[in-house]
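Remember, it's a predicted structure, so these values are computed and weren't measured experimentally.
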Amino acid sequence: MRPGLLLGIALACGMAQARPLAADPMPEYAMKAAYLYNFALFTEWPALPDNQLNLCLLGTDAFGAALESIDGKPVNGLRLSVQRISGSSSARQCQILFLGTSAGINLRRLLHDIKDEPVLTVTDNDDLVQAGIMIRMSIENKRLTFAINTEAARRARLTISSKLLRLAKTVN
């Protein structure tokens, strides 16, 4: 088994614990970056660019340097490219779109505009759950968990691996 896959499974199982937000937010976002990488490994898109998979961040960047650890890593024969985008017009170029909190961008409108596009949407913002986010990450009992909206993923023609679905706290 590949070492990256083993790490991904361990992280997805919740074996690693996040620290409380007040103590040190960096480990939390390092774990979230690792989860984003694993979401890429366990998702299938209907069509992909020739040599890279774009992971885009829109909104407040609480990740800091944590995303640099996954930038350039291989994902099923492609290179993961982390991009910070500033507006909704760039969202369609993304295969994974992490939505943070954002001032000046109507994230609900953006989600409506790309709901049928093959873009895996991920957030840790509870306010966006009802807007059609596919994966929501959250901290519960000092552990990073995630929920998956399979209907939103199906509508976008994405296939999420049954392995990832089994590890999700909830699947809708």
Side-chain angles (χ1 to χ4, degrees), residues 7-22 25-45 53-64 66-67 69-70 75 80 82-85 88 91-92 94-103 105-172:
L7 172 64
I9 291 171
L11 286 172
C13 286
M15 294 172 78
Q17 289 192 358
R19 293 185 190 162
L21 297 178
M26 205 50 205
E28 175 188 346
Y29 280 91
M31 284 182 41
K32 286 180 179 181
Y35 272 53
L36 286 170
Y37 178 70
N38 284 288
F39 295 156
L41 288 173
F42 292 102
T43 302
E44 292 179 26
W45 284 263
L53 183 84
N54 296 321
L55 165 61
C56 303
L57 174 65
L58 179 63
T60 304
D61 184 356
F63 282 92
L67 287 175
S69 68
I70 63 170
V75 176
L80 185 67
V82 174
Q83 301 174 14
R84 288 165 172 87
I85 59 176
S88 58
R92 283 189 171 88
C94 307
Q95 283 72 51
I96 303 172
L97 178 61
F98 183 88
L99 297 164
T101 56
S102 183
I105 298 172
N106 185 336
L107 296 179
R108 291 182 185 279
R109 177 69 183 166
L110 167 69
L111 288 169
H112 180 267
D113 290 348
I114 64 168
K115 72 178 181 186
D116 296 326
E117 298 292 325
V119 177
L120 181 69
T121 54
V122 183
T123 193
D124 58 2
N125 182 345
D126 288 337
D127 294 338
L128 296 176
V129 171
Q130 299 303 318
I133 285 289
M134 294 171 202
I135 299 178
R136 178 186 51 84
M137 293 189 280
S138 59
I139 301 289
E140 295 179 16
N141 298 321
K142 299 182 182 180
R143 294 191 116 148
L144 184 57
T145 65
F146 61 95
I148 299 176
N149 180 336
T150 55
E151 180 55 37
R154 254 186 250 119
R155 194 172 40 247
R157 302 177 316 279
L158 299 176
T159 303
I160 297 176
S161 167
S162 61
K163 293 174 186 174
L164 190 59
L165 292 172
R166 281 193 303 266
L167 297 172
K169 181 174 181 192
T170 58
V171 177
N172 302 332

Hits for salt bridge (Lys or Arg N to Asp or Glu O under 4.0 Å) against E117, two or more places apart or cross-chain, chain-then-number order -> R92
The single option from L110, I135, N149, L111 that satisfies side chain to side chain contact (heavy atoms under 4.5 Å, CB included) with T121 is L111
What one should report as the nearest heavy-atom pair of A40 and L53 is CB-CD2, 3.6 Å
Step by step, work out the side chain to side chain contact (heavy atoms under 4.5 Å, CB included) result for I160 and T150. CA-CA 8 Å; I160 297 176; T150 55; 5.6 Å; no
Side-chain donor-acceptor contacts of residues 164-172 below 3.5 Å, not counting sequence neighbours, with atom names and distances?
| residue | atom | partner | partner atom | Å |
| --- | --- | --- | --- | --- |
| K169 | NZ | E140 | OE1 | 2.2 |
| K169 | NZ | E140 | OE2 | 3.4 |

Exactly one candidate in T123, V122, N125 meets side chain to side chain contact (heavy atoms under 4.5 Å, CB included) with M137; the answer is V122
Side chain to side chain donor-acceptor pair (under 3.5 Å) filter on N54, not counting sequence neighbours, yields Q52, Q83
Hits for side chain to side chain donor-acceptor pair (under 3.5 Å) against D61, two or more places apart or cross-chain, chain-then-number order -> R84
For A66 and A33, the nearest pair of non-hydrogen atoms, with its separation, is O-CB, 3.6 Å
The reported gap from SG in C56 to CG in L67 (rounded to nearest 0.5 angstrom) is 11.0 Å
Interatomic distance, CG@L97 vs CG@L36, rounded to 0.5 Å, equals 10.5 Å
Rounding to 0.5 Å, atoms CZ (F42) and OG (S162) come to a distance of 9.5 Å
Any side-chain heavy-atom pair of L144 and F146 under 4.5 Å: no
Between I85 and C94, the two heavy atoms sitting closest are CD1-SG, 4.0 Å
Of all heavy-atom pairs linking L158 and M134, the shortest is CD1-SD, 3.7 Å
Residues G132 and A152: closest non-hydrogen pair is O-CB, 3.6 Å
Sorted by chain and number, sequence neighbours left out, salt bridge (Lys or Arg N to Asp or Glu O under 4.0 Å) with R154 holds for E151
Residue set satisfying side chain to side chain donor-acceptor pair (under 3.5 Å) with T145, at least two apart, ordered chain then number -> S138
Residue set satisfying side chain to side chain donor-acceptor pair (under 3.5 Å) with D124, at least two apart, ordered chain then number -> Y29, K32
Those residues at least two apart in sequence (or on a different chain) that pass salt bridge (Lys or Arg N to Asp or Glu O under 4.0 Å) with R155 are none
Sub-4.5 Å side-chain heavy-atom contact between V75 and L55
no
Rounded to the nearest 0.5 Å, the OG1 atom of T43 sits from the CG atom of N38 at a distance of 10.0 Å
